[in-house]
Amino acid sequence: MSNECSSGIATHGGLLRDRWFWLALLLGPLVSGLLLQDRGPVVATALTWQSLLWLVLLYPVLEEWLFRGVIQRQLIRCRSARLSILGFTAANGVTSLLFVTAHMVVQPFLWALLVIFPSLVFGWFRDRYNSILPGVILHACYNFAYFTIFMLAA
């Protein structure tokens with residue numbers, strides 16, 4: 001059982017023993033590397049190490065707090081949003097669609113659509129642990145891998 005704070009960040013000793021978490025942690029960079037073989041989307045401005053810190057630390061925390069900590073948490077309170085298919089709740093699906101929509105503002109359409117997959121993973125862990133912490137960790141690692149690979153390929 002987790003100890004949840006009002007922020008939606010819970011501590012849970014089982015996270016580091018969760019083989020699904022480790023698999024998700026390893027797959028993110030692998031997928032980023034495969035997607036960036038074709039150089040990925042065009043980035044309008046040069047990516048610096050300072051902007052990388054924002055993309056890896058600040059954005060994952062803010063996005064996970066808003067989408068999984070606020071929106072998904074509110075949706076999951078509705079009985080119909082707790083319905084799940086293959087372990088993915090309707091609340092997670094709706095939240096992930098909103099997450100994709102938000103990414104359409106800053107990414108090309110196809111790349112924004114591809115955000116659905118990590119978003120569903122982040123939401124699955126939010127439901128599994130009743131916490132945004134796994135999603136924050138995964139999101140930060142995925143962003144780090146994606147943008148580091150992008151910077152090295154440039």
Side-chain angles (χ1 to χ4, degrees), residues 2-36 40-41 43-45 47-76 81 84 86-153:
S2 63
N3 294 326
E4 184 169 0
C5 304
S6 60
S7 66
I9 296 177
T11 57
H12 194 289
L15 180 63
L16 296 179
R17 292 187 303 269
D18 188 337
R19 68 176 181 248
W20 295 110
F21 178 76
W22 288 104
L23 180 64
L25 195 62
L26 294 172
L27 283 179
L30 177 65
V31 171
S32 290
L34 292 174
L35 290 175
L36 285 173
V43 176
T45 58
L47 202 54
T48 65
W49 288 105
Q50 292 83 7
S51 60
L52 181 64
L53 287 175
W54 281 79
L55 292 165
V56 170
L57 298 177
L58 183 63
Y59 291 156
V61 171
L62 293 175
E63 288 179 352
E64 292 309 307
W65 170 79
L66 175 62
F67 288 97
R68 259 60 70 184
V70 175
I71 296 170
Q72 189 168 334
R73 185 178 76 205
Q74 290 296 348
L75 289 173
I76 204 74
S84 69
L86 300 173
F88 295 93
T89 62
N92 183 4
V94 170
T95 301
S96 292
L97 290 174
L98 292 171
F99 193 70
V100 166
T101 302
H103 280 78
M104 286 185 180
V105 174
V106 295
Q107 292 181 336
F109 181 75
L110 181 59
W111 282 88
L113 284 179
L114 290 174
V115 169
I116 192 82
F117 299 109
S119 182
L120 288 167
V121 170
F122 304 156
W124 185 79
F125 279 102
R126 192 265 176 254
D127 287 341
R128 183 174 173 89
Y129 286 101
N130 195 29
S131 171
I132 66 169
L133 187 59
V136 167
I137 294 168
L138 291 170
H139 196 155
C141 289
Y142 287 12
N143 280 10
F144 178 78
Y146 176 83
F147 289 108
T148 301
I149 292 168
F150 184 81
M151 286 175 68
L152 294 174

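If you read the sequence from its start, that first residue is 1, and numbering goes on from there.
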_Using side chain to side chain contact (heavy atoms under 4.5 Å, CB included), reason through Gln107 and Val115 one step at a time and then give a plain yes or no._
CA-CA 10 Å; Gln107 292 181 336; Val115 169; 3.5 Å; yes
*Nearest 0.5 Å, what's the CD1-CH2 distance between Ile71 and Trp65?*
9.0 Å
*Could you give the distance from CG (Leu58) to CG (Asn143), rounded to the nearest 0.5 Å?*
11.0 Å
*Any chance you could measure Phe21, atom CZ, to Leu15, atom CG, to the nearest 0.5 Å?*
4.5 Å
*asked:* I'd like to check the side chain to side chain contact (heavy atoms under 4.5 Å, CB included) partners of Val121; sequence neighbours left out, ordered by chain and number.
replied: Ala24, Phe125, Leu138, Tyr142
*With sequence neighbours excluded, residues passing ring-ring contact (aromatic ring centres under 6.0 Å, His included) with Phe99*: Phe67, His103, His139
_Is it true that Ser119 and Arg68 share a donor-acceptor pair across their side chains at a distance under 3.5 Å?_
yes
_Side chains of Thr95 and Phe122 in contact at under 4.5 Å (non-hydrogen atoms)_ = no
*Closest heavy-atom contact between Met104 and Ala112?*
CG-CB, 3.5 Å
_Donor-acceptor contact present, side-chain Trp54 to main-chain Tyr59, <3.5 Å_ = no
*Heavy-atom pair with the smallest gap, counting every atom of Ala81 and Thr89*: O-CB, 3.5 Å
_salt bridge (charged side-chain N to carboxylate O under 4.0 Å, His left out) pairs, two or more places apart, involving residues 48-61_ = none
*Working to the nearest 0.5 Å, report the span between CZ of Phe147 and CG of Leu53.*
13.0 Å
*Which heavy atom of Leu55 sits nearest a heavy atom of Pro60, and at what distance?*
O-CD, 3.2 Å
*Go through the steps to decide whether Leu57 and Val61 satisfy the test side chain to side chain contact (heavy atoms under 4.5 Å, CB included), and finish with yes or no.*
CA-CA 7 Å; Leu57 298 177; Val61 171; over 6 Å; no
*For the residue pair Asp18 and Arg128, establish whether any side-chain heavy-atom pair is separated by less than 4.5 Å.*
yes
*In Å, rounded to the nearest 0.5 Å, how long is the span from CG of Leu113 to CG of Leu97?*
10.0 Å
_Just verifying a value: how many Å separate Leu26 CG and Cys141 SG, rounded to the nearest 0.5 Å?_
9.5 Å
*Would you call Gln72 and Asp127 a side-chain contact if the rule is heavy atoms closer than 4.5 Å?*
yes
